[in-house]
Every structure is written in C-alpha cells, then in structure tokens.
Amino acid sequence: MNCRHVQNNLSAYLDQELTIEEMADIRTHLYDCSACREEEAELRSLKALLTGMKSKTPNADFEERLVNSTIQKGMAEARAWPRRAGIFLVVAVCSMLGTMQLLQSMKSRQDEITAKTERSHEIASAIHRDQVFTASLDPYNSGSIVLPTDGSDH
Amino acid sequence: MLFSAVKERQNTGIDHARFEQLMRSSNKQAYSLAYRLTGNATDAEDLVQESFLRAFRFFKKYDPSLPFSSWLYRIVTNTHIDLVRRKGRLKTTSLESNGHDGSPTWDLPDATAAADHNMTQGALEEPVQQALNAMTVEFRMAVLLADVEGLAYEEVAEIMGTSVGTVRSRIHRGRKQLRAHLVKNAPETYGGLGDEL
Ligand SMILES: [Zn+2]
C-alpha cells in the first residue's frame, strides 16, 4: 500500500468508513510512515474542529414566524390550486377549440386549392390531348410533341 | 393556534397537526444546518422557510417509516442549491481565486454570529465559517452533513442523492479545501490549534 493510496483514504479512515481490512492496512502503513502520519494528524484536527462546531440557534421568534408563514403560504397554495387548475382547463379547452377551428379553415382553404389544382390539371391534359391530336395530323411532324419547358433551358 | 383554525376550513389531505409538530421539533436542527450552508442568519431563515414550504407541498410523499430529519435535510440541500442558483451566486469559486479579485465569495459576518460565540470557539468560528462559505457547494454539504451533523456516509449519500463513493470523495476533497483555506487565511489561529490537538 503506497502513500498516495493511504492519503486518499485518510478521511474515510478517520470516519471509520472503510472495511476492517482496509482500516488495518492503513494503520500498519501509518505506523511506518511519518509523512502519512502527519497528514492523518492534520486531517484529524480539522475534523475535530468541524465536529466541535456549536449548533447555531435561530432568534427566539423564528419558530412562530416559521410555523405561521409556512401554513399560511401552504394553505394559500392549496386553495389556489383548484382555481389555477380551473383556469388552466379553460385556457386549454379554448386554445384547443381555437386550434381546431384554425385547422378546419386551413383544411377548407386547402380543399379549395386542391380543387383548383385539379381543375387546372384537367385543362392541361385537355390541351395536351389536343396538341397530340393536332400533331398527328401534321405531316411534318414525326408525331412527337415538344412540350413547353419551364424556361430554365433558355 | 392559527393552524388548527385554518384546518377546520380547508382540507388539503395533509395531517396538519402532525406537520406542525414535525416543524416544531426539527426547525432548530434545520436552521443550524442552513446557517452553516449559507453563512448568515438572513439566508438561513429564508432557506429554512422555503424548505418547510416545499416539505408542506410534498408532505403526502413523505414516508413516515424514515426519519423526518433525513427527508428534511434532503429538501434543505436541494433548496439551497436552487436558491443559490436563483440568486446567481453559486459559490463554486476555487480557493485560489479568493481575495485576488477583491470580491470575497462569502457574506460578511453578521452581528449575532459575532456576539454569540464563546471564547474557545471564538478564535476559529469565524475563519471556519468563511472557509465553509468559500467551498464548492457539494463539498460543503457533504462535509457539514458528515462532520457537523455526524451522519454516516450512507446517510449523506441518501440525502444528497448520490453514491457512497461520491460522498467519500467529496468529504475528502472538501476537508482538503477547508484546510487549504484556513492555512492561507487564518494561519496563526489554525496553525496554533493544529499544534494543540
Ligand atoms: Zn505514507
């Protein structure tokens, strides 16, 4: 067991928070090693300093103030809770209804757009059919139709 | 009593008489821990009040087969971290940086703290509290719970919601932080005491 390991475990040793074997190993090391013994003595006096700290006492009226304020605030919160829950519920329902209405209106607008799109698709395919028909009648055309591009080629 | 009067009107599902009894029996203990954690009387009172309010809110979750003080200490330590973060002055500053920037990370000693310590404690009471205030908050808690409150590592781990291994390391590093601070800031008193013991 080396000094580093011993010194890392000195607090636990002083607090008797090690196994019996570990305690014995450290005790043996301390017997032989003055550096670790010194460290142990310092930590021991520090622990004694902390253990000996007087407990702090509050002002005489603290208990009464504490009991009263905790109960008043605690009860006020408990009373406010169902009211808050009610408000929350109303707000939640309202916003839900609002959202539903918004979604509804968005949906009908979408339907409108879809209908318009479908209709323009119909017109487009009608034109296409016409073009194919016309092209087939054109003796100078091989039958293939050059459809108008989106203009990106120009 | 105000409590029993209100009790008639409002039923919160909490055994109020029992809660009041626990509050009366444990507030002094809680205050002492809170004082050592915060370093002054005003913050200690605030911490205890906020902790009991939280205890009241969650009292239904308290398991009466376990000691109330452990449950309360757990609330106090969590509340302390919350309050400190809210105030934006979490004292995690390293020991080395104290004093160099001219802004001490601890509160000034209050009048009652100066008045009520006795002569033998007097010489080191203040430096030790200042050293505690300058510690990393988790180290301070572990050291206070183990040394000042005299709890076993397992109890400290339970209260701090961490492992025994972490507690062991926090206590060891915490004590070393404390010693470094005392050696640096109160060499005469601390050195003298070290020789005596
Ligand atoms: Zn050694």
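Below, read A as the first sequence line, B as the second, and so on, with proteins coming before strands; counting in each chain starts at 1. Computed from a predicted structure; not experimentally measured. The analysis underlying the following values was restricted to heavy atoms, covering all of them including side chains, and did not include hydrogens, waters or symmetry mates.
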(request) Please work out whether the ring planes of B:Phe59 and B:Trp71 are parallel, tilted or perpendicular, with thresholds of 30° and 60°. (result) tilted
(request) Considering only heavy atoms and a distance below 4.5 Å, find which of B:Lys28, B:Arg57, B:Glu149 pairs most often with chain A. (result) B:Arg57
(message) Just checking A:Ile20: does its CD1 atom have more than 12 heavy atoms from other residues, nucleotides or ligands closer to it than 6.0 angstrom?
(response) no
(message) With a 4.5 angstrom heavy-atom cut-off, is it the side chain or the backbone of A:Glu39 that approaches chain B, or both, or neither?
(response) both
(request) Name the region of B:Ala34, side chain, backbone, both or neither, that has any atom closer than 4.5 Å to a heavy atom of chain A. (result) neither
(message) Is it the case that the side chains of B:Ser26 and B:Gln29 hold a donor-acceptor pair, with the cut-off being a distance below 3.5 Å and no angle test?
(response) no
(request) Counting only heavy atoms closer than 4.5 Å, note whether B:Leu33 contacts chain A via side chain, backbone, both or neither. (result) neither
(message) Quick one about B:Glu158 and B:Ser70 (side-chain donor to acceptor, distance below 3.5 Å, no hydrogens or angles considered), yes or no?
(response) no
(message) Are the side chains of A:Phe62 and B:Val48 in contact, using a 4.5 Å heavy-atom criterion?
(response) yes
(request) Just give me the residue among B:Arg173, B:Glu154, B:His172 that pairs up with chain A most often, heavy atom to heavy atom, under 4.5 Å. (result) B:His172
(message) So, taking the atom named CG in A:Asp15 and the one named CG in B:Leu151, what distance separates them when rounded to the nearest 0.5 Å?
(response) 11.5 Å
(request) Measure distances from B:Leu144 to the heavy atoms of chain A and classify the residue's part below 4.5 Å as side chain, backbone, both or neither. (result) neither
(message) Does any backbone or side-chain atom of B:Arg175 lie under 4.5 Å from a heavy atom of chain A? Answer side chain, backbone, both or neither.
(response) both
